[in-house]
Peer 1: 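Below you will find the structure I want to go over with you.
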Amino acid sequence: MLHPHTELRFVSQEIGYGIFATKKIPKGTITWVKDQLDRVFTPSDISKLTPPNYENLMKYTYRNKEGDYFFCWDLTRFINHNHDANSMLTSLGFEIALRDIEANEEITNDYGTLNIIEAFQCANGPGEDRDYVRPDDLTRYHQKWDQLIEAAMDHVHEVEQPLHKLLSHEQISKLDLIKRKEFVLPSIKENYFKEMI
């Protein structure tokens with residue numbers, strides 16, 4: 001489920017649509033969490049899809065560390081990539097605002113965290129140190145991303161969390177342990193799916 005203070009807007013002919021904040025979303029806000037309507041496809045499920053459905057699934061899903069594909073039922077699938085993303089998937093299975101996202105600002109993610117299938121060049125241009133987004137970016141940039149996530153997690157208990165009610169018991173428990181300094185957030189590298197060839 002995507003944060004409620006968001007909407008779908010046209011970005012450009014090249015990019016298509018994107019998700020924009022309708023109100024300020026403070027740093028540390030959970031911007032997305034998997035809910036019961038999101039669908040998980042195993043590689044076996046995918047092998048049974050027709051070509052048009054397969055193409056859509058490849059375009060609008062991300063893979064978890066087991067290699068299963070997550071298809072979000074809501075507008076989450078329109079979140080675009082940016083090398084300087086303002087929201088990112090954590091090792092706890094939800095996305096968090098890495099900095100304040102202002103009203104009318106596009107919400108972006110770094111697709112390098114999502115176990116993509118093929119490398120691609122970002123339509124928004126190359127990043128400071130990256131020309132392409134690659135399937136193994138989690139192994140290359142996890143330390144940088146961990147620092148951004150950790151800094152944002154320091155604010156999780158300070159800001160309003162409209163998606164809190166959708167968190168699992170395990171996620172809530174781990175957030176409480178992090179707050180009490182009794183649990184260290186695992187690296188985002190834990191999300192990496194290493195495809196066996």
Side-chain angles (χ1 to χ4, degrees), residues 1-9 11 17-40 59-66 68-103 105-116 122 124 133 137-138 141-168 170-175 178-179 185-193:
M1 172 73 75
L2 188 60
H3 192 283
H5 298 155
T6 57
E7 67 181 13
L8 183 68
R9 295 183 191 170
V11 178
Y17 290 86
I19 300 298
F20 288 77
T22 57
K23 295 181 181 179
K24 180 177 179 176
I25 299 175
K27 179 177 181 176
T29 303
I30 295 169
T31 54
W32 173 85
V33 64
K34 181 182 177 296
D35 70 31
Q36 292 177 320
L37 296 178
D38 292 327
R39 185 156 174 208
V40 179
K59 183 175 182 179
Y60 292 117
T61 59
Y62 77 91
R63 288 190 297 176
N64 65 8
K65 62 184 176 184
E66 285 82 29
D68 294 331
Y69 294 74
F70 278 66
F71 182 81
C72 298
W73 69 272
D74 64 1
L75 297 176
T76 303
R77 63 188 180 275
F78 291 101
I79 291 180
N80 289 312
H81 166 81
N82 194 301
H83 288 304
D84 185 27
N86 55 27
S87 182
M88 189 166 284
L89 185 65
T90 69
S91 58
L92 296 183
F94 56 76
E95 288 195 19
I96 190 171
L98 299 177
R99 56 179 170 77
D100 289 349
I101 302 171
E102 301 299 331
E105 182 180 353
E106 184 176 6
I107 297 175
T108 57
N109 197 328
D110 192 311
Y111 284 11
T113 66
L114 302 179
N115 291 305
I116 60 171
C122 178
N124 292 324
V133 182
D137 277 351
L138 272 169
Y141 303 105
H142 64 277
Q143 292 174 329
K144 173 185 173 184
W145 294 335
D146 285 343
Q147 290 175 354
L148 293 170
I149 292 167
E150 186 177 336
M153 289 292 285
D154 288 342
H155 300 273
V156 165
H157 295 282
E158 301 169 1
V159 297
E160 181 185 1
Q161 298 289 0
L163 299 179
H164 186 270
K165 60 186 175 285
L166 295 173
L167 294 173
S168 69
E170 181 181 4
Q171 288 170 322
I172 292 170
S173 175
K174 286 184 177 176
L175 283 174
I178 289 170
K179 182 180 181 181
L185 181 71
S187 171
I188 192 174
K189 190 179 178 184
E190 300 257 324
N191 292 344
Y192 180 57
F193 170 60

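All figures in this text were calculated on a predicted structure; none of them were measured in a lab. Along the sequence shown, the residues carry numbers beginning at 1.
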Peer 1: Run the salt bridge (Lys or Arg N to Asp or Glu O under 4.0 Å) test against Glu66 and tell me which residues pass, sequence neighbours left out.
Peer 2: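 Residues passing salt bridge (Lys or Arg N to Asp or Glu O under 4.0 Å) with Glu66: none at all.
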Peer 1: Of all residues at least two apart in sequence or in a different chain, which pass the side chain to side chain contact (heavy atoms under 4.5 Å, CB included) check with Ser187?
Peer 2: His142, Asp146, Lys189
Peer 1: Check ring pair (Phe, Tyr, Trp, His ring centres under 6.0 Å) between Tyr141 and all other residues, then give those that pass, not counting sequence neighbours.
Peer 2: Trp145
Peer 1: According to the salt bridge (charged side-chain N to carboxylate O under 4.0 Å, His left out) rule, which pairs have a member within residues 81-100, sequence neighbours left out?
Peer 2: Lys24-Asp100, Arg99-Glu105
Peer 1: Who pairs with Cys72 by side chain to side chain contact (heavy atoms under 4.5 Å, CB included), at least two apart in sequence or on another chain?
Peer 2: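 By the side chain to side chain contact (heavy atoms under 4.5 Å, CB included) rule, Cys72 matches Trp32, Asp38, Asp74, Thr76.
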Peer 1: Considering residues at least two apart in sequence or located in another chain, which fulfil the side-chain hydrogen bond (donor to acceptor under 3.5 Å, both in side chains) criterion with Arg39?
Peer 2: none
Peer 1: What residues, two or more places apart in sequence or in another chain, satisfy ring pair (Phe, Tyr, Trp, His ring centres under 6.0 Å) together with Phe94?
Peer 2: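 Phe94 satisfies ring pair (Phe, Tyr, Trp, His ring centres under 6.0 Å) with no residue once adjacent residues are dropped.
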Peer 1: With His5, which residues qualify under ring pair (Phe, Tyr, Trp, His ring centres under 6.0 Å), at least two apart?
Peer 2: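 Here the qualifying residues are His3.
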Peer 1: How would you list, by chain and number, every residue that makes a side chain to side chain contact (heavy atoms under 4.5 Å, CB included) with Leu8, sequence neighbours excluded?
Peer 2: Tyr17, Ile19, Leu75, Phe78
Peer 1: Restricting to salt bridge (Lys or Arg N to Asp or Glu O under 4.0 Å), what partner residues turn up for Glu102, sequence neighbours left out?
Peer 2: none
Peer 1: Of all residues at least two apart in sequence or in a different chain, which pass the side chain to side chain contact (heavy atoms under 4.5 Å, CB included) check with Ser173?
Peer 2: Leu177
Peer 1: Side-chain donor-acceptor pairs under 3.5 Å in residues 148-159, sequence neighbours left out?
Peer 2:
from, atom 1, to, atom 2, distance (Å)
His155, ND1, Glu158, OE1, 3.0
His157, NE2, Leu175, O, 3.1

